[in-house]
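Have a look at the structure below before the remarks.
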Amino acid sequence: MGLGGCIILIAVGAILTFATDWHMQGVNLDLVGVILMIVGLIGVTTFSSIARRRRVMVPPTTTTVVEEERHHHGPGGYSDGYGV
């Protein structure tokens, strides 16, 4: 379940607990709302700890610079040795 699902659970639980006055026989909607809010809070904390763990920054490795040797040849322009 993602962060959005957890927030929806919290919202639905708060609505059931604080904004409704329904009375169903055998079901305590206040308790169901509190349970939904607790499950949503547990989900948010779990999601945030996993997301924080994924964002660990790895320090950049040092790069090795390799310089190439360039051979300068005479004015003939041949570099393979045949046209000298």
Side-chain angles (χ1 to χ4, degrees):
M1 173 172 34
L3 184 62
C6 296
I7 292 173
I8 289 173
L9 280 178
I10 294 171
V12 170
I15 289 169
L16 286 177
T17 302
F18 303 117
T20 59
D21 58 355
W22 300 335
H23 298 286
M24 295 177 64
Q25 187 175 2
V27 178
N28 186 353
L29 288 179
D30 291 337
L31 182 62
V32 171
V34 169
I35 290 171
L36 287 176
M37 286 190 290
I38 290 172
V39 169
L41 287 174
I42 290 171
V44 167
T45 56
T46 304
F47 182 81
S48 65
S49 69
I50 290 173
R52 187 179 319 127
R53 202 173 306 147
R54 286 184 188 169
R55 288 187 216 152
V56 173
M57 298 295 289
V58 177
T61 59
T62 58
T63 57
T64 305
V65 177
V66 177
E67 293 184 20
E68 294 181 8
E69 263 185 55
R70 297 191 179 220
H71 299 286
H72 297 288
H73 299 286
Y78 294 106
S79 62
D80 59 357
Y82 289 112
V84 182

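When a residue number appears, it is its place in the shown sequence, counting from 1.
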Heavy-atom closest pair, residues Met37 and Ile10:
CG-O, 3.5 Å
At their closest point, which heavy atom of Gly40 faces which heavy atom of Leu9, and how far apart are they?
CA-CB, 4.1 Å
From Ile8 CD1 over to Leu3 CG, what is the distance, rounded to the nearest 0.5 angstrom?
10.0 Å
Please name the pair of heavy atoms, one in Asp30 and one in Thr17, separated by the smallest distance, quoted to 0.1 Å.
OD1-O, 3.2 Å
Separation between CG of Leu41 and CD1 of Ile7, rounded to the nearest 0.5 Å:
10.5 Å
Can you find a heavy atom in the side chain of Leu36 that is under 4.5 Å from one in the side chain of Leu16?
yes
Might you point out which heavy atoms bring Val44 and Cys6 nearest each other, and give the distance in Å?
CG2-CB, 3.6 Å
Could you state whether Ile15 and Met24 fall into the same hydrophobic cluster, counting links through intermediate Ile, Leu, Val, Met, Phe, Trp or Tyr residues with side-chain heavy atoms under 4.5 angstrom apart?
no
